[in-house]
Every structure is written in C-alpha cells, then in structure tokens.
Engineer: 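Take this structure, written in structure tokens, and hold onto it; I'll ask about it next.
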Amino acid sequence: MTTTATKLTPEVKAVIGATSEFTEAGWGVVNKESLRRFTQAIMDPDPRYWDADFAKTTRYGEVIAPHLAGSGGGRAAWQDVDPVSLTFRENPVADGLREAPGRRRGGLPSIPTDLVRVLNAGNEIEMYKHPVIGDRLYSQSKYASIIERVGRDGAHMLIITTETYHWNQRGELCYINRGSSFQR
Amino acid sequence: MTTRTADELRNKTQMYYEDVSEGQMLPTYVLGPMTPTHVFRWSAAIENWHRIHYDQDFAIYHEGLPNILVNGSWKQSIMPGYLKDLCLPDGWMWKVSFQHRAMIVPGDTLTCWAKVTSKYVKEGMGFIELETGMKTQDDIETCPGTGTIVLPLKGGRAIPYPFVPPKS
C-alpha cells in the first residue's frame, strides 16, 4: 500500500540527535568461543584470530578479534522469559528482528513510525584498534540523521543513520560505525 | 586471489606504498557459492533472528523477496576483512564505506575488488584511496563503496598501532 503522507513527521524529527547511554556492547567480554564462531562465519582463517604463538610474533603481540566482532550483533540479555518464545507468542508473524524483547539495540529510542520493514542500507566504518580476548566493549549511539525518500512506487521510506562509537574497557577507541537502514 | 588460507595470511609479504599506482586493480577475493547454511551460520553467530535470513517462506511470501537474503551485516565484516588482508602484515585498514545495493541470495558467488583512485603520503605514512565493491557471478555490483588503507613506505616509519590518523 502506498501513501502520499510524509513519514518524516515532527515526532520522527524529534528523535534526530537522540543519544544513548554509554552501554556495554554486543558480547560483553570478548571470548575465544564467540571469536571462533564469528571468524568462521566470515570465512576468515587469519591465524591472528586464533593462533596465540603466531600472534605473539605479529605487531599485535596477542590474538586479536575483527573490529566488529564482539560489539556487533543482537545478543539478548539474561531475562526471566525466553525472548524468542515471547516474541512469537505476542505476534505469530513477527519478523524476528524489531520485536524481540530484551534485544540490545544500543539503547536508542524507537522510531515513532508505522513503517515496519527494515533493510540494511550501508555503512561507513573507521578502524583504530582491534578488540582482544578478555576485552569488555562499550558503545554509545546517536541518531545522526533521518531523511525521507519516495520510491518508484510512490511509497515513502525513511533512511535512518546511526553513529556508534565503540571503546574497550580502557577507553581506547576501537572503531566508529555509521550505519544506515531503510525503514519502509 | 581466491579464498585465502591461514598459511597464506601467516606468510603474506607486505605491499608497500611504492608498489601501487593510480588506476591499479588490487588482488580480488572470491567467496562462494553462498548457501543457506552460510547465511544461517552468520545469523546464529551474531544472534540476528531476522527471519528474512533463514525462513524462506517468510522471506518470499510475507516479505516479497526472491529468497532468503545474505545479511548486510555479514558484508559489513567481509569488506573490512578483504581490505585488512591487502594490508597485512603491517599496514592498516583505516576506512571503509559501502552501500547495500543489490540483494545477495544463496547460489551467488561473490568477488570483492578494489581499484586505486589516488595515493599520497602524510606524516611518513602511505595513504591509498580505493574504489571498492562486491560483484556477483553475473557482474552485478552489490556493494559499491570506497576505502582508505595505510601502507608503509619502503624504509619508512612503522604504521602506528593503535592507528593514529594524521593531524590534517
């Protein structure tokens, strides 16, 4: 269904610039097992990620993790009720993404819109330091911009850009990710 | 370059600033063909339960998609990994930017590529600006973007780690 009404309402504009709390990110503590699963899933056999003896000979001096490992993803927090069961009990046709209770989303407020479908639009990433095993990662996010576009079919959509800084427990900046998504 | 092995990455020789020139195509990196299992493995690793990535009926009949989709977040880690490998062992993958333009579905084979658009030296470090992308077997560009990698100069200073960008 298409509509000519703008989706960039005053309520949506009001969340531009909203900033989250400084929060623990993704996995919390970077650990060997999660690192194994992550690097296998990106098909990267780099021994810097798993061979401690070799890693000692590199410029890093220890096993490192890809920048986005550890702080990416949607790890659910511990909670009383299984979040997946709860999601589908409340909405049998849930998309599994937005409605999952307890899912970490960087602590930003929801976008007040009736647009329900979300697709990843792109990223700008700056890298500074690799996380390492045992690091505890933190992030802070901001709605950097929200703009409106009208598709060929006349449907309005929002393009939401979130800027997130990621640090380790020593306050060292690991990376900055500016991620954009379509909400349509 | 096809899919790399641990030994290739362990023994990779350094590419220096002087080794690249404007217009040069850098070694490519081929992944695939992608399967539903690859896609599911990524979703499980990062706990992304978005059904368009593993529930084919939902993807096609509810969302109107051609199949389950390879995750944008997966590409978000693939492109930095590709540029990281080009810089090994002592260069630095500083910036990468890309758009998710075309859908990637099971059956696709992907080629990551990078072309040098300019190069310059700042504070003794060699900066290489790149046009980048990820094409399917049908030559469809799924992920056009740009990147900046930092390579050492022959006989020059080491690239600092953690990376410290130039002041201007």
Side-chain angles (χ1 to χ4, degrees), chain A residues 26-27 34 36-51 54 57-60 66-69 72-76 83-84 87 93-98 100 103-104 117-130 172-182, chain B residues 3-10 31 38 41-55 58 62-63 69 71-85 88-90 92-101 103 143-146 148 158-159 161-165:
Chain A
W27 298 343
S34 297
R36 179 188 66 79
R37 295 182 64 186
F38 188 95
T39 54
Q40 287 183 343
I42 59 172
M43 307 178 204
D44 190 340
D46 195 333
R48 290 161 186 80
Y49 298 146
W50 53 270
D51 184 338
F54 171 69
T57 70
T58 70
R59 66 192 308 224
Y60 307 111
H67 292 88
L68 277 65
R75 184 176 64 99
V84 173
T87 295
V93 291
D95 67 5
L97 175 66
R98 289 168 301 102
R103 188 172 186 276
R104 290 166 181 261
R117 293 195 169 102
V118 178
L119 280 177
N120 197 335
N123 297 84
E124 292 179 24
I125 309 168
E126 295 178 28
M127 316 288 191
Y128 295 94
K129 189 177 191 309
H130 286 280
E172 296 168 312
L173 179 63
C174 292
Y175 74 99
I176 304 166
N177 188 358
R178 297 177 188 90
S180 297
S181 60
F182 296 114
Chain B
T3 303
R4 69 284 205 217
T5 66
D7 276 345
E8 286 169 346
L9 297 173
R10 195 189 307 269
L31 287 164
H38 288 103
R41 179 172 62 174
W42 171 253
S43 288
I46 67 162
E47 297 188 38
N48 178 339
W49 310 128
H50 199 181
R51 294 167 67 189
I52 63 171
H53 300 305
Y54 57 88
D55 183 337
F58 181 84
H62 190 272
E63 295 291 293
L69 301 184
N71 307 55
S73 59
W74 180 81
K75 289 186 277 181
Q76 184 179 315
S77 280
I78 294 297
M79 290 306 292
Y82 165 57
L83 298 184
K84 176 265 295 179
D85 288 354
L88 289 175
D90 294 324
W92 187 249
M93 200 297 293
W94 182 24
K95 293 181 182 178
V96 62
S97 170
F98 43 83
Q99 298 177 343
H100 301 297
R101 284 277 181 85
M103 298 174 190
C143 204
T146 60
T148 306
I159 306 301
Y161 180 75
F163 181 65
V164 180

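Please read these numbers as outputs of a predicted model, since none were measured by experiment. Lettering of chains follows the sequences in order, A, B, ..., and the numbering in each one begins at 1. Computed over heavy atoms, backbone and side chain alike; hydrogens, waters and symmetry mates excluded.
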Engineer: Look up atom CH2 in B/Trp94 and atom CD in A/Glu126, then write down how far apart they are to the nearest 0.5 Å.
Structural biologist: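 Going from the CH2 atom of B/Trp94 to the CD atom of A/Glu126 covers 6.5 Å.
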
Engineer: Can you name the closest pair of heavy atoms from B/His100 and A/Gly122 and give their distance?
Structural biologist: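 Answer, listing the atom of B/His100 first, then A/Gly122: CD2-N, 3.3 Å.
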
Engineer: Quick one: of B/Leu69, B/Leu88, B/Leu31, B/Asp55, who has the most non-hydrogen atom pairs under 4.5 Å with chain A?
Structural biologist: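 So the answer, after comparing B/Leu69, B/Leu88, B/Leu31, B/Asp55, is B/Leu88.
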
Engineer: Could you list the residues that satisfy side chain to side chain contact (heavy atoms under 4.5 Å, CB included) with A/Pro47, not counting sequence neighbours?
Structural biologist: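 Testing A/Pro47 for side chain to side chain contact (heavy atoms under 4.5 Å, CB included), a comparison that skips the adjacent residues, returns A/Trp50, A/Asp51, A/Phe54, B/Ala6, B/Leu9, B/Arg10.
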
Engineer: Would you confirm whether A/Arg59, through its side chain, and B/Pro89, through its main-chain N or O, come within 3.5 Å as a donor-acceptor pair?
Structural biologist: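 Side chain of A/Arg59 to backbone of B/Pro89, a donor-acceptor pair under 3.5 Å: no, none is there.
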
Engineer: For the atom pair CG (A/Asn120) and CG (B/Asn71), what is the distance rounded to the nearest 0.5 Å?
Structural biologist: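 Here the rounded value is 9.0 Å.
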
Engineer: Counting C-beta onward and ignoring hydrogens, is there a side-chain heavy-atom pair between B/Pro80 and A/Met127 closer than 4.5 Å?
Structural biologist: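 A side-chain contact under 4.5 Å exists here.
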
Engineer: Please classify the contact of A/Arg178 with chain B as side chain, backbone, both or neither, using a heavy-atom distance under 4.5 Å.
Structural biologist: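 Neither part, no heavy atoms under 4.5 Å.
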
Engineer: Does any heavy atom of chain A fall under 4.5 Å from the side chain of B/Phe98, the backbone, both, or neither of them?
Structural biologist: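 Contact with chain A: backbone and side chain both.
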
Engineer: Side chains of B/Lys84 and A/Asp44, heavy atoms from C-beta outward: is any pair under 4.5 Å?
Structural biologist: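 The answer is yes, as the side chains (C-beta and beyond) meet within the 4.5 Å cut-off.
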
Engineer: So, for B/Ala45 and A/Arg37, which heavy atoms are closest and what is the spacing to 0.1 Å?
Structural biologist: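 Smallest interatomic distance, heavy atoms only, reads CB-O, 3.9 Å.
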
Engineer: Let's test your reading of the structure: which of B/Glu63, B/His38, B/His53 forms the most heavy-atom pairs below 4.5 Å with chain A?
Structural biologist: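 Between B/Glu63, B/His38, B/His53, the count favours B/Glu63.
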
Engineer: Can you tell which part of B/Lys75 gets under 4.5 Å to a heavy atom of chain A, answering side chain, backbone, both or neither?
Structural biologist: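 Contact with chain A involves no heavy atom of B/Lys75 at all.
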
Engineer: Looking at chain A, which one of B/Gln99, B/Lys95, B/Gln76, B/His62 has the largest number of heavy-atom pairs inside 4.5 Å, strictly under?
Structural biologist: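 Most pairs with chain A among the choices: B/Gln76.
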
Engineer: For the residue pair A/His130 and B/Trp92, is the inter-centroid distance of their aromatic rings smaller than 6.0 Å?
Structural biologist: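 Under 6.0 Å, so yes.
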
Engineer: For B/Ala44, is it the side chain, the backbone, both or neither that has a heavy atom under 4.5 Å from a heavy atom of chain A?
Structural biologist: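 When you check distances to chain A, atoms from both the backbone and side chain of B/Ala44 fall under 4.5 Å.
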
Engineer: So how far is it from A/Tyr175 OH to B/Met93 CE, rounded to the nearest 0.5 Å?
Structural biologist: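 Atom-to-atom, A/Tyr175:OH and B/Met93:CE are 11.5 Å apart.
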
Engineer: What heavy-atom pair brings A/Ile42 and B/Trp42 nearest, and what distance separates the two atoms?
Structural biologist: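 Heavy atoms only, the tightest pair is CG2-CZ3, 3.4 Å.
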
Engineer: Would you name the heavy atoms of A/Glu124 and B/Ser97 that are closest together and state the gap between them?
Structural biologist: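 Closest approach of A/Glu124 to B/Ser97: CG-OG, 3.4 Å.
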
Engineer: Identify which part of B/Ile159 has an atom lying under 4.5 Å from any heavy atom of chain A, answering side chain, backbone, both or neither.
Structural biologist: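 Looking at B/Ile159, backbone and side chain both touch chain A.
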
Engineer: To the nearest 0.5 Å, what is the distance between CD1 on B/Ile46 and CG on A/Leu68?
Structural biologist: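 Answer for the CD1-CG pair, B/Ile46 versus A/Leu68, is 9.5 Å.
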
